[in-house]
Amino acid sequence: MNFLPFPENISTFGVELDELAHLITIITMTAFVIAEGILLYFILKFRKKPGVKADYIPGNSWKQLKWIFIPLVVIVGLDLFIDEKNTHAWTLIKQNIPEKTHYELVEITGQQFSWLFRYPGRDGLLGTSDDFTSTNELRIPVNETVVFYLKAKDVLHSFFVPAMRFKQDAVPGRTIKGWFDATKTGTYEIACTEICGAGHSLMKANLIVQSKEEFKQWFESEAGKVTLPAPGDKKAPEIAPSAASGEHNTAAAKTEHQVASGKDLLQAKGCLGCHSLDGSKLVGPSYKGLMGRKEMVLTQDKEHEVTVDEDYLRRSITEPNADVVKGFSGIMPKTPLSEEELTAIVNHLKDLK
Amino acid sequence: MTAHQATAHAEHDYHGHPNYFKTYFALLLLFSLSLAAGYLDNILMALLLIFGMALIKMMYVVNNFMHLRFEPLSIWFAVAFGLVCCFIFYFGVYPDILWVPLEVAH
Amino acid sequence: MSTTAIEKNNLEESDSVSEKWVRPRMVDMPKGRLAMWWLIASEIVIFGGLIATYILFRLRHPEWGHAAGHTSTPLGALNTFFLLTSSLTIVLAHDAANRKDLKGAVRNMGITLFFGLGFLVVKSIEYSTEISHGFTLTAELFWSFYFLMTGLHALHVIAGMTTIFIIMLGVRKGKHLHRVEFAGMYWHLVDLVWILLFPLLYIAH
Amino acid sequence: MATEVKQHSVSPHNHHSELSFWRKYIFSTDHKVIGMQYLLTGLIMVFVGGFFAYVFRMQLAFPGQGIPLYGKLDANAYNMMITMHGTIMIFWVAMPLLVAAFGNLLIPTMIGADDMAFPTLNMISYWVFFISTVVLILSMVLPGPMAAGWTAYPPLSANGYPAQIDFWGSIGGSLWILAVALEFVAFLIGGINFLVTTFNMRAPGMKLMDMPITVWMMNIAVLVFMFSVGPLVAGAVMLLFDRSFGTGFYNPAVGGDPILFQHFFWFFGHPEVYVILLPGLGMVAEVIATMARKPLFGYKAIIYASIISGFLSFIVWAHHQFIAGIDPRMAVFFSFTTIMISVPFAVWMFAAIATLWKASITLNTPMLFALGFIGEFLLGGVTGIYLGASAFDIYAHDNYFVVAHFHYALIPDVFFGGLAAIYFWYPKFVGRMYNETLGKVHFWLTTLGFNMIFLPLFYNGLKGEHRRIFDYSAWPSLMSADMTQNRVIATVGMLILCAAQIPFVINMIHSARKGVKAERNPWKANSLEWVTASPPPHGNFETYPSVYRGPYEYSVPGREEDYWPQHLPQ
């Protein structure tokens with residue numbers, strides 16, 4: 001029976017969660033209706049009638065108190081039953097990962113106002129140089145257990161997929177390991193449910209569940225685009241990437257002083273989370289054909305027009321909310337960038353068509 | 001108001017004052033012992049000694065100087081429940097700080 | 001808080017004429033002392049929460065041992081000595097006040113204030129040496145905890161000293177003798193917290 | 001009880017009349033005046049908090065359009081408003097109204113004392129509270145107001161990490177922390193006053209088990225508050241240091257831990273909601289027992305149940321953090337304790353309903369509000385079982401199911417319980433009867449408005465609508481027709497709830513001057529506050545009453561009158 005207005009469930013453990021919800025509803029709602037019924041009945045039946053005095057039932061003897069303690073014992077019994085079912089569901093979802101031969105791996109990083117997803121690349125290991133990332137779009141194969149490593153870059157976020165009945169807070173300074181899976185293909189919404197600042201309500205991502213072949217094909221095309229550094233340098237740390245490699249945040253594990261290309265930096269620093277490359281309007285203005293474009297800009301809410309040139313780009317990265325493009329809200333966080341990274345990004349943005 | 005009755009009680013409230021000087025010297029002795037224990041090589045032994053003596057000192061101060069020994073049981077209960085709350089908080093937060101690998105997010 | 005059990009057994013005892021000391025009931029305690037005990041219970045929870053967190057972090061960061069090494073144990077020991085003796089003198093002051101010996105009470109309270117002042121002086125010496133060595137509030141998390149806990153404790157020492165001073169003025173004129181006890185209890189609380197802080201911050205390397 | 005005979009002089013405070021205006025009304029040490037001051041501050045702040053609710057409810061129902069009386073709302077202002085709405089409604093309305101105002105008004109009069117144990121300390125506690133209100137309003141106006149929810153989780157509440165420390169840029173948030181800390185100090189001082197008065201200044205012959213249940217509840221509430229607030233005071237100081245000086249208590253890069261503050265906050269947070277709940281329950285039980293002319297069912301059972309709930313409330317806090325990154329094994333333990341803590345309040349509900357068995361109920365306004373409390377709170381308690389189950393909480397955490405649950409648990413307590421108490425003791429402390437019809441209109445409109453807001457939100461919550469979102473247009477699944485319609489219904493319900501308060505304000509102000517003069521015991525109740533004149537003179541009682549029986553001896557067989565006041569020898 002499925003009378004609660006849940007959205008359609010696509011995960012295996014979601015079924016268990018729905019069952020628990022319906023069990024609790026049946027138990028608690030019957031108790032609620034009985035209690036309300038008795039309350040209303042008593043109110044109507046024992047209204048003040050002239051000449052009729054109330055009874056003296058102080059309720060201090062066991063005979064009278066049993067009217068409270070018997071329903072109480074029933075409630076405690078039902079509660080324990082609910083708690084047993086709940087512990088079963090909780091240990092299934094949160095405490096242990098089902099034994100499977102092959103796991104899909106993904107590293108999810110929440111940052112202010114976008115989600116970054118990192119796939120293990122051809123070698124199947126996260127944290128190696130052939131990983132590739134995507135922003136605000138998580139692709140997983142259907143009927144496959146996906147093991148995730150949830151992290152947060154700056155403040156608390158919360159990874160919530162209503163369709164999969166799955167939610168887990170991302171905490172800076174921790175890597176939370178867990179799993180989820182999907183049994184139906186399609187596109188579903190991902191939301192952030194822990195308040196994380198002004199752009200909290202724009203922090204949306206899409207979960208795209210694909211059939212195995214489609215996923216494999218997409219995976220190959222993405223993995224191919226990654227430019228591998230000199231083959232000798234292939235590091236292969238064990239699965240948990242977090243503690244092992246130092247700054248695993250930059251897309252390619254850089255050799256000592258060679259700065260990652262502007263494009264990878266846009267990805268790694270999460271710029272593409274809010275600014276699109278193909279002209280579509282996301283949280284922030286798009287990068288398409290940015291150089292030399294005329295923009296209406298608000299500086300200390302004085303509206304004036306500015307042509308986009310190098311120092312405007314540099315200033316709007318270091319001082320994001322100094323001049324805000326009209327129609328957007330000034331919520332871009334200050335991201336710490338070294339001088340070379342800043343010049344790399346600005347040069348990349350300049351020759352973007 | 002039980003004013004006059006309370007003062008009558010207050011006179012012979014503290015039968016036989018706890019000997020303050022004796023308590024003081026006991027505290028000094030424990031204090032110097034815990035200082036000496038600081039230089040023990042066996043770390044665990046030293047820590048146990050030091051904090052054990054700190055607890056004994058606290059018991060002395062509370063019982064003799066603050067006269068807890070002569071107070072109604074509810075006051076014992078209040079002080080004890082305060083400590084119980086701290087322990088509940090300690091054991092509640094313990095797993096989240098000590099069983100989690102420390103990483104540095106930047 | 002259900003004191004009915006206690007009240008029942010007190011009922012029978014108080015009728016017997018024995019000279020045996022009877023544990024007073026809550027209702028017979030003077031108001032001030034009852035209030036002081038509740039205040040001490042809430043202070044215990046505040047410092048308790050802070051110390052519990054500090055212990056958790058010490059267990060999590062073993063490397064703080066070397067940072068803790070830079071706290072000067074001799075100065076800490078001197079402070080502990082100051083507070084212990086001032087605890088003794090404030091109790092003697094309370095004892096003197098009970099015996100209505102005004103001069104003794106004022107003298108003892110004066111000594112307590114002196115030791116309290118000594119504690120603050122030693123504390124400021126410690127702070128200045130540490131900060132000059134570069135261990136400021138934001139140097140390392142250990143130092144943040146160190147300055148937070150000792151700073152909060154020092155504030156309580158100052159609050160304790162001002163109450164003792166105000167009550168001392170009253171006692172000199174023979175008023176409010178029962179308040180000496182309350183200042184004493186607050187001072188013992190401050191000493192109690194220091195007894196726990198001293199090993200945690202100074203000895204545990 | 002040992003029958004010590006206690007002689008009493010006439011109340012020593014009769015020199016009250018020639019005090020100056022300032023000493024008599026503003027800096028008064030009379031517990032009744034201080035109670036009224038808390039009540040008025042609470043009632044004013046309910047309109048401030050309510051205005052914020054009005055603004056963001058309008059924004060949620062009609063996103064993007066200008067809001068009358070406010071204009072366009074942007075994301076930062078929205079975050080600030082939900083933070084302030086939560087903070088004000090809990091710390092500046094529920095606590096002063098239920099714990100401080102009625103604690104000050106009722107405890108001395110109900111136990112037959114002339115005033116609180118420490119009158120000047122009582123006055124200081126109100127003025128510390130007043131300063132905290134001023135600091136709170138300042139914190140809303142100054143730059144950088146707190147915009148991280150009323151729970152203020154770091155790193156967001158500590159300017160995020162790497163912390164851009166600009167002390168003056170984020171002065172608003174720091175003042176918010178200071179205001180809440182000052183409010184804690186005020187309630188600590190007030191609490192100690194309540195405890196000492198109850199334990200030390202009871203009327204002769206009044207054993208602990210003869211005290212009305214309201215006095216018991218106030219004391220348990222204050223004790224639970226006192227023991228739970230400690231760690232949060234330490235936590236708030238650490239947060240203030242993080243915000244202003246860049247220390248790293250909650251900054252993972254330096255070794256701190258953001259989860260630590262959540263533990264600090266909720267170790268205080270959960271006992272806090274019982275601090276608000278217990279006084280409301282106590283006063284509603286008074287009203288039900290008096291209006292049903294029947295002894296409160298199972299007086300001792302309720303008291304022991306409440307004491308147990310006081311203890312349990314300390315081991316239950318992590319159910320707010322099931323999915324906040326704590327160790328999953330902890331959630332199993334806290335899920336069990338959370339479901340167990342619903343048991344004492346089930347005892348409360350059954351006892352309240354059992355009191356009505358074979359009673360003779362007069363349905364006037366206080367009784368209507370009291371029964372409304374029981375009816376609404378049942379749903380609040382029942383939905384608590386959902387969220388206590390950690391597995392369901394995976395789905396329901398931080399979405400509108402939680403919002404609807406805690407409003408169903410808090411609003412019956414503060415609105416219905418508080419208003420039942422205001423109407424019940426209005427004749428006693430103002431000296432005039434309120435207008436019955438205006439009272440009933442107020443009740444039915446409030447019930448309609450309240451249910452109209454939060455029932456649809458249960459539905460939206462189950463559909464996955466998560467909370468604290470400024471504009472849902474980014475999520476097509478949440479913009480479906482039925483959910484947007486529910487949001488509009490909720491906003492209309494909120495407007496009805498606001499409109500319902502107009503008859504209340506008219507009733508209070510009008511009857512204060514032109515209402516019928518109230519006699520000493522209009523409801524024929526037993527407890528001691530109905531012994532003195534209404535409004536009670538400065539020293540409360542001309543001659544101090546002694547107590548011979550429990551407070552709930554209604555319709556005792558063999559007596560012609562159906563009530564038996566505590567102070568009558570037989």
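Throughout, a chain's letter reflects where its sequence line sits, starting with A, and its residues are numbered from 1.
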Starting from the C-alpha separation in whole Å, work towards a yes-or-no answer on side chain to side chain contact (heavy atoms under 4.5 Å, CB included) for D:F267 and B:C85. CA-CA 10 Å; D:F267 181 80; B:C85 284; 4.2 Å; yes

Is any residue of residues 313-324 of chain D within less than 4.5 Å of chain B by heavy atoms, and which ones? D:F314, D:I315, D:W317

Taking side chain as everything from C-beta outward and backbone as N, CA, C, O, which of these in D:F264 sits under 4.5 Å from a heavy atom of chain B? Side chain, backbone, both or neither. both

Qualifying salt bridge (Lys or Arg N to Asp or Glu O under 4.0 Å) pairs with a residue from residues 220-233 of chain D, counting only residues at least two apart or across chains: none

In short, D:M330 meets B:G92 closest at the heavy-atom pair CE-O, 2.8 Å

Side chain to side chain donor-acceptor pair (under 3.5 Å) involving D:S309 - partner list, sequence neighbours excluded: none

With sequence neighbours left out, the residues meeting side chain to side chain donor-acceptor pair (under 3.5 Å) with D:H31 are D:N540

In terms of the angle between their ring planes, are B:F77 and D:F311 parallel, tilted or perpendicular, with boundaries placed at 30° and 60°? perpendicular

Using non-hydrogen atoms and a 4.5 Å limit, figure out which bit of D:D257 sits close to chain B: side chain, backbone, both or neither. side chain

Is it true that a side-chain atom of B:D96 and a backbone atom of D:L260 form a donor plus acceptor pair closer than 3.5 Å? no

D:M226 vs B:F81, side chain to side chain contact (heavy atoms under 4.5 Å, CB included): CA-CA, chis, key distance, verdict: CA-CA 11 Å; D:M226 191 171 77; B:F81 190 65; over 6 Å; no

Non-hydrogen atoms of chain B under 4.5 Å away: do they reach the side chain of D:I326, the backbone, both or neither? both

